[in-house]
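Notes for the one structure printed next.
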Amino acid sequence: MKITQKQILSEGIAMGKVYLEQGHRYVFSEQTSVSREKSLFLKAVRQATEQIDDFLKISSEEDREYLTVQRLLIQDPVFMKKTLLKIEEGALATVGLSGVLDEYAQELKKSGNRYLQERFLDIEDAKERILNQFAQIDQPQMQGKVILVAEVLHPSFLIQHRKNIVGVITQKGGFTSHGAILCRQWNIPYILSPYSFPKEKFLIIDSSKREIYPDPSEELQKTYREILQGLSKEKFEAVSHDGYGFWANVSTNQELEKVMNYGFDGVGLYRTEMIFMNRQRPLTLEEQTEIYSKAVLRLKGKPICFRTFDIGDDKQLPYLKSSHKGIENYLNNPELFETQIQALITSNIYRNLKIMFPMIYRKEEFVSLKNWVLKIRNRMNDDTPIQIGMMLETKEALDHIEDFTEVDFISVGTNDLIEALYHIDREEQSQRMEKYWVDLWKHLRRVVEFCLKNDIECSVCGELASVLSVAKKFFQIGLKNLSVAAPMIRILNEAYREEVLKEV
Ligand code: PEP
Ligand code: MG
């Protein structure tokens, strides 16, 4: 039997058993007991307290007050006692603790005191914090090579289980979602399918045929094993591409090996927020310096562009919830920003490191962030040249591109830009752009002209750069630097052969 699906978000072949992610919270074992629930509760409280202690070390004065209140609440002996009692009476740990904290919250709400009423939110937050620990405790173990089947793909989940996940099937998702971006970077096939498959079922997915095979025959398995062996030997290598830049998008240092082996010119976009994910606390200065320096050394002098952490929408951190990407993240979390910039400045070993700010709307935002970086560099007594540029991914910046004469480089982020211009969700961009291409080319031609006039390097790092027809069009309008996931080198090769070499 085979199931044919329409939408492929990342190409490739995978074989493995189904790992079913049933939403990432509250996955209960059917056979629970009072003692199991008690120990789950105590473990969750301990982990939540440790998490707060980690944040307390790095948080601002203001946050410290609120975190201390939350810590007291979580450790409150009455709260512990009441919850344990509820568990003894037969409640699940999560239900028991929610019940007790909801009672507290109701009492505060009823009080006429405004200060106490506001503490209601602290209780809600403490509750979330403890409940979140259960996801980590009760997630079924992932063993061996698996095909992840889920409703949606959470980037943090993929990062956490990267070693095990060889294929992904979800009900919802889109080409430009961050989960799909990571899958393409890591060569993990990803198909959209409305079907849910039972856990442990053996599957083969073959995205080139758009097919999923549940329970494949021995013979089919053998055929696919051979295909996979052949694929692992396939050579990816950049064709010679004079005057053009083939850049890579990465999210981890592990991908840099491919970047070098495939012959990329350097890294056009390092999504640094991804290395912050799946941790309960931010990375320290030393930890970040180690990661960035290793990346720089691994590139052996080829340029590397680090984007400052870009949190918001589908990318969230447990210690930094953000509804919007952009400068507010840095202004609201100055220590995090300063630590990252210091680590980047220290890692500027070959004097060609680039720092790029995401989601810039106005010239003033860029200038103030650039000055902030230069101030940090001064404070460090460092005068190594460093290039500071921006992503062009908002309508406001596009409309006023001529104002941005102070940038060293621009990288066009089509994923967010198209969402802003045409209100096409990043999930749907590859299907719904037909009506808008002409308008997009008009805008981008203006950007190219501005960059040429002001000697500013211009590239594209959005996902459309890895769609062959679009990559060719970028070359046509003078966008000669494209940044794509490493395995997409073949698209750049093809675009170059078909669009540039044809003219020779
Ligand atoms: C973009 O918006 O095009 C981009 C490259 O950034 P991200 O996909 O990480 O938002
Ligand atoms: Mg973006």
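Because only heavy atoms are used, hydrogens play no part in the values below, and waters and symmetry mates are left out as well, while side chains stay in. Whatever order the structure lists them in is the order used to number ligands and atoms, beginning at 1. For clarity, every value in this text was computed on a predicted model and none was experimentally measured.
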**Study point:** Count of N, O or S atoms belonging to protein, less than 2.8 Å from the Mg ion (ligand 2)
**Key:** 2
Point to revise | Nearest-neighbour protein heavy atom for atom 6 (O) of ligand 1, which is reported as residue plus atom name and distance | key: R307 NH1, 3.0 Å
Review point. Taking NZ, NE, NH1 and NH2 as the nitrogens, is one of them in K472 or E498 under 4.0 Å from a carboxylate oxygen of the other?
Key: yes
Check your understanding: Can you name the residues that form a side chain to side chain contact (heavy atoms under 4.5 Å, CB included) with S293, not counting sequence neighbours?
Key -> T289, S347, I349
Practice item. Provide the number and element of each atom of ligand 1 under 4.0 Å from a heavy atom of G462. Key: 3 (O)
Exercise for review: Would you give the length of the straight line joining atom CD1 of I489 to atom CD of E494, rounded to the nearest 0.5 angstrom?
Suggested key: 12.0 Å
Exercise for review: Would you please test Q143 and Y19 for side chain to side chain donor-acceptor pair (under 3.5 Å) and show each step?
Suggested key: CA-CA 9 Å; Q143 278 163 346; Y19 178 92; over 6 Å; no
Review point. Numbering the atoms of ligand 1 from 1, which are under 4.0 Å from a heavy atom of C461?
Key: 5 (C)
**Study point:** Numbered atoms of ligand 1 (with element) below 4.0 Å of K325, judged on heavy atoms
**Key:** 10 (O)
Review point. Any chance NZ of K302 has more than 12 other-residue heavy atoms, nucleotides or ligands included, within less than 6.0 Å?
Key: yes
Revision key, fill the gap. The atoms of ligand 1 lying under 4.0 Å from a heavy atom of E393, numbered in the order shown, are 1 (C), 2 (O), 6 (O)
Exercise for review: Kindly state whether the ring of W441 and the ring of F474 have centres lying under 6.0 angstrom apart.
Suggested key: yes
Practice item. May I ask you to check if ligand 1 and E273 share an N or O to N or O distance below 3.5 Å? Key: no
Review point. Closest non-hydrogen protein atom to atom 5 (C) of ligand 1, residue and atom name please, with distance?
Key: R271 NH2, 3.4 Å
Review point. Is there a heavy atom in E463 that sits closer than 4.0 Å to ligand 1?
Key: no
Exercise for review: For the pair F337 and W372, name the ring-plane relationship: parallel under 30°, tilted 30 to 60°, perpendicular over 60°.
Suggested key: tilted
**Study point:** salt bridge (Lys or Arg N to Asp or Glu O under 4.0 Å) evaluation trace for R362 with E396
**Key:** CA-CA 7 Å; R362 294 175 305 116; E396 291 74 1; over 6 Å; no
Practice item. Report the residue from L153, I147, L158 that forms a side chain to side chain contact (heavy atoms under 4.5 Å, CB included) with I165. Key: L158
**Study point:** Exceeds 12 heavy-atom contacts within 6.0 angstrom, atom CD of Q254
**Key:** yes
Check your understanding: In the protein, which heavy atom is nearest to atom 10 (O) of ligand 1, and how far is it?
Key -> R426 NH2, 2.7 Å
Exercise for review: Just let me know how E419 lines up against ligand 1, side chain, backbone, both or neither, with a heavy-atom cut-off below 4.0 Å.
Suggested key: neither
Practice item. Among all protein heavy atoms, pick the one closest to atom 7 (P) of ligand 1 and tell me residue, atom and distance. Key: H178 NE2, 3.3 Å
**Study point:** R379 with E338: basic N within carboxylate O range, under 4.0 Å
**Key:** yes
Check your understanding: How far is atom 8 (O) of ligand 1 from its nearest protein heavy atom, and which residue and atom name does that atom have?
Key -> N415 ND2, 2.8 Å
Exercise for review: Mark the output for I181 as yes if a heavy-atom distance to ligand 1 is under 4.0 Å, and as no if none is.
Suggested key: yes
Check your understanding: With a cut-off of 6.0 Å (strictly less than), are more than 12 heavy atoms of other residues, nucleotides or ligands near NZ of K370?
Key -> yes
Practice item. Show which atoms of ligand 1 fall inside a sub-4.0 Å distance from at least one heavy-atom site of K315. Key: 9 (O)
**Study point:** NZ/NE/NH1/NH2 to OD/OE distance under 4.0 Å, E449 and K453
**Key:** no
